[in-house]
Amino acid sequence: MFALVDCNNFYVSCERAFQPKLAGQPVVVLSNNDGCIVSRSAEAKALGIKMGEPLFQVRPLIEQHQVQVFSSNYALYGDMSSRVMNYLTDVAPEVEVYSIDEAFLGLHGMQRYFGSLEKYARDVRAEVLQRTHIPTCVGIAPTKTLAKLANRVAKKDASLGGVLSLEEPECRQWALTQVPIEDVWGIGRQYATKLYDQRITTAADLARCSEAYARKHLGGVVGARLVRELQGFPCHQLAPSEDGTLARKSIACTRTFGRPLHRFDDLLAAVAAFTSRAAEKLRQQGSVAHVLTVFLSQNRFGNTPPPHTRSAQITLPAATSNTLDLVSYAHAILLRIWQPGTIYVKAGVVFDGFEAAGQPQLNLFEKAPEITRPQSAALMQQLDKLNARFGRATVQVAAALSPKGQTAPWQGQTQHRTPARTTSWDELWEVG
DNA sequence: TCTGGGGTCCTAGGACCC
DNA sequence: TCTGGGGTCCTAGGACCC
């Protein structure tokens with residue numbers, strides 16, 4: 001049996017955890033640059049504010065109903081997330097951290113002790129709420145897809161009190177009929193449209209389809225697994241997280257700029273800063289990367305015809321997580337893709353091809369690459385330490401720097417940000 | 001005026017090899 | 001005009017997820 005624990009409106013709930021007066025009010029949290037709505041309270045949803053909608057389009061609605069608006073504060077959300085995940089790791093035999101606000105629990109053998117797992121789920125839910133002030137819903141089922149589905153029903157149907165278990169087959173059948181096809185995990189816009197055309201409108205309809213049908217119309221083996229999972233046959237294992245965090249297979253840092261840029265130096269400053277940030281994340285999870293991609297994007301909403309993005313990728317001579325090396329490679333890639341006179345609105349850096357740090361794969365046919373910076377590991381450690389202690393980007397590579405006293409040209413403004421509170425010395429909660 | 005960011009997995013097709 | 005039958009590896013792109 002699996003359980004899916006999913007935090008309700010996570011970013012909004014994080015803001016509310018520190019501002020109880022927000023309870024019962026419509027609240028939204030914005031994406032980077034205050035561009036889009038990325039989290040909504042139940043009250044905000046009821047007003048018709050959609051997920052992912054640009055802020056400027058819902059401005060009238062927001063003003064009319066005095067919706068509380070916050071810029072996103074990922075330091076806070078990340079910290080709150082680890083509190084929730086740490087607790088789950090303590091109370092479940094196996095935990096897979098699936099995203100910042102969701103975790104699958106592996107509950108193999110637990111029924112022996114608990115009989116029904118519903119009571120267990122209710123206890124977990126109550127305890128998470130008490131410890132973190134984050135409300136959750138829990139779905140329990142024999143497959144991950146059904147656990148997702150149970151969770152969805154628990155969220156929608158208030159009479160269930162935030163928990164639904166599909167241990168009993170009759171209950172499973174009922175739940176399948178409650179979920180429209182577009183809300184099934186793995187069915188996005190394209191597939192939903194296609195399925196509606198064929199009169200398949202609920203999860204129950206899809207569960208009655210043949211594997212062959214799913215294979216043909218829903219992306220091959222992915223679709224086949226989806227249908228099998230709805231039928232109660234597990235096709236996805238739990239991927240337990242050792243330490244309550246996610247080990248990534250790729251790491252990216254990409255941003256839309258605060259204003260359009262065209263000068264090479266400005267773009268280099270952005271790319272160098274993004275590379276540094278991504279390298280930090282890379283070191284944090286103890287990986288080194290072998291593959292580096294850099295891209296530049298033009299405005300996709302403007303009149304310029306596609307493609308809007310130019311990118312280039314290189315395989316590094318040796319896998320590394322050293323910021324200085326990575327920035328110089330990124331610089332070289334940027335020289336290849338940058339075109340004078342072109343207006344860019346976004347850039348990004350992606351690392352791929354990971355190995356565990358300290359144990360690079362041996363290449364039997366070539367001389368081991370020379371280590372160019374013998375002291376680099378220690379240097380990076382100091383760098384990370386300083387930036388953790390005194391705030392991100394306290395120490396940076398020169399290419400990322402902007403003239404004294406100025407914010408970087410690529411940086412945007414956020415006008416609705418709340419203090420970091422739990423993670424920054426400058427922004428500690430003030431009492432009194 | 002203003003339109004996010006960070007991931008995963010799979011498939012098809014080309015290059016290359018024997 | 002005829003022009004095999006496998007493999008593997010890589011990349012680009014699609015679809016989806018939160």
Side-chain angles (χ1 to χ4, degrees), chain A residues 4 6-11 28-40 50-60 62 69 71-72 74 77-78 81 96-104 144-145 148 151-152 181-195 214-226 235-236 239 246-260 274 277-278 281-282 285 290-291 293 295 297-302 306-315 345-354 412-416:
Chain A
L4 177 66
D6 186 353
C7 302
N8 305 349
N9 320 324
F10 183 57
Y11 299 164
V28 298
V29 174
L30 305 175
S31 66
N32 185 47
N33 273 336
D34 291 347
C36 294
I37 311 284
V38 293
S39 182
R40 307 158 295 155
K50 301 273 183 302
M51 178 68 178
E53 218 169 357
L55 176 62
F56 74 91
Q57 282 176 10
V58 286
R59 194 69 91 172
I62 282 183
V69 178
S71 301
S72 42
Y74 287 100
Y77 310 150
S81 174
E96 173 188 340
V97 177
Y98 178 68
S99 71
I100 195 165
D101 65 348
E102 279 174 81
F104 285 103
K144 282 180 157 184
T145 306
K148 270 283 208 186
N151 190 289
R152 173 83 53 168
I181 199 73
E182 66 271 21
D183 288 347
V184 173
W185 191 38
I187 300 297
R189 259 230 304 279
Q190 313 282 327
Y191 290 162
T193 308
K194 202 149 129 183
L195 290 167
R215 198 176 281 273
K216 181 154 179 227
H217 294 102
L218 303 177
V221 65
V222 182
R225 289 207 276 252
L226 167 48
C235 301
H236 300 294
L246 293 112
R248 299 295 190 186
K249 296 178 176 173
S250 71
I251 286 175
C253 183
T254 70
R255 286 282 179 288
T256 301
F257 309 138
R259 58 183 168 86
F274 302 166
R277 177 68 194 118
K281 294 194 221 170
L282 191 63
Q285 78 161 36
H290 225 126
V291 176
T293 308
F295 70 81
S297 298
Q298 297 175 261
N299 186 359
R300 64 189 210 278
F301 299 102
H308 298 115
T309 298
R310 255 173 82 93
S311 74
Q313 187 174 75
I314 58 169
T315 300
V345 299
K346 176 178 178 171
V349 172
V350 186
F351 299 153
D352 274 303
F354 293 170
Q413 296 82 41
T414 50
Q415 291 169 7
H416 307 276

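Lettering follows sequence order; numbering is per chain, from 1. Only a predicted model underlies this, so the values are computations on that prediction, with no experimental measurement involved. When reading the values below, keep in mind they use all heavy atoms of this one structure, side chains included, and skip hydrogens, waters and symmetry mates.
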For a 4.5 angstrom cut-off between non-hydrogen side-chain atoms, does A/Ile62 reach A/Leu55?
yes

Is the backbone of A/Val29 close enough, under 3.5 Å, to the side chain of A/Ser39 for a donor and an acceptor to pair up by distance?
no

For a 4.5 angstrom cut-off between non-hydrogen side-chain atoms, does A/Glu96 reach A/His236?
no

If you measure from the Lys or Arg side-chain nitrogens to the Asp or Glu carboxylate oxygens, is any gap between A/Arg40 and A/Glu53 under 4.0 Å?
no

What one should report as the nearest heavy-atom pair of A/Ala214 and A/Gly223 is CB-O, 3.4 Å

Under the 3.5 angstrom rule, does the side chain of A/Lys281 hit a backbone N or O of A/Ala252 as a donor-acceptor pair?
yes

Just checking A/Val221: base, sugar-phosphate only, or nothing, at a heavy-atom cut-off of under 4.0 Å?
sugar-phosphate

Side chains of A/Glu102 and A/Leu4: closer than 4.5 Å at any heavy-atom pair?
yes

So, the side chain of A/Asn33 versus the backbone of A/Thr256: is there a donor-acceptor pair under 3.5 Å, distance only?
yes

Which ranges of DNA chain C pair up as stems, where a stem means three or more consecutive Watson-Crick or G-U pairs with both distances under 3.5 Å?
B:5-18 with C:5-18

Protein-nucleotides 2-6 of chain B N/O pairs closer than 3.5 Å?
from  : atom 1 : to       : atom 2 : distance (Å)
B/dG4 : O4'    : A/Ser31  : OG     : 2.7
B/dG5 : OP1    : A/Asn32  : ND2    : 2.8
B/dG5 : OP1    : A/Thr256 : N      : 2.6
B/dG5 : OP2    : A/Thr256 : N      : 3.3
B/dG5 : OP2    : A/Thr256 : OG1    : 2.8
B/dG5 : O3'    : A/Arg255 : NH1    : 3.2
B/dG6 : OP1    : A/Arg255 : NH1    : 3.0
B/dG6 : OP2    : A/Thr254 : N      : 2.4
B/dG6 : OP2    : A/Thr254 : O      : 2.8
B/dG6 : OP2    : A/Thr254 : OG1    : 2.4

Filtered N/O pairs between nucleotides 16-18 of chain C and protein, under 3.5 Å:
from   : atom 1 : to       : atom 2 : distance (Å)
C/dC16 : OP1    : A/Gly188 : N      : 3.2
C/dC16 : OP1    : A/Tyr191 : N      : 2.9
C/dC16 : OP2    : A/Gln190 : N      : 3.3
C/dC16 : O5'    : A/Gly188 : N      : 3.4
C/dC16 : O3'    : A/Gly186 : O      : 3.4
C/dC17 : OP1    : A/Val184 : O      : 3.4
C/dC17 : OP1    : A/Gly186 : N      : 2.7
C/dC17 : OP1    : A/Ile187 : N      : 3.2
C/dC17 : OP1    : A/Ile187 : O      : 3.3
C/dC17 : O3'    : A/Trp185 : NE1    : 3.4
C/dC18 : OP1    : A/Lys148 : NZ     : 2.6
C/dC18 : O3'    : A/Ser99  : OG     : 2.8
C/dC18 : O3'    : A/Asp101 : OD1    : 2.8
C/dC18 : O3'    : A/Glu102 : OE2    : 3.0

Nearest-Å distance for atom pair CZ/C1', residues A/Arg225 and B/dC9:
8 Å

Does any non-hydrogen side-chain atom of A/Ile37 lie less than 4.5 Å from one of A/Val69?
no

Checking A/Ser81 side chain against A/Tyr77 main chain: does a donor-acceptor pair fall under 3.5 Å?
no

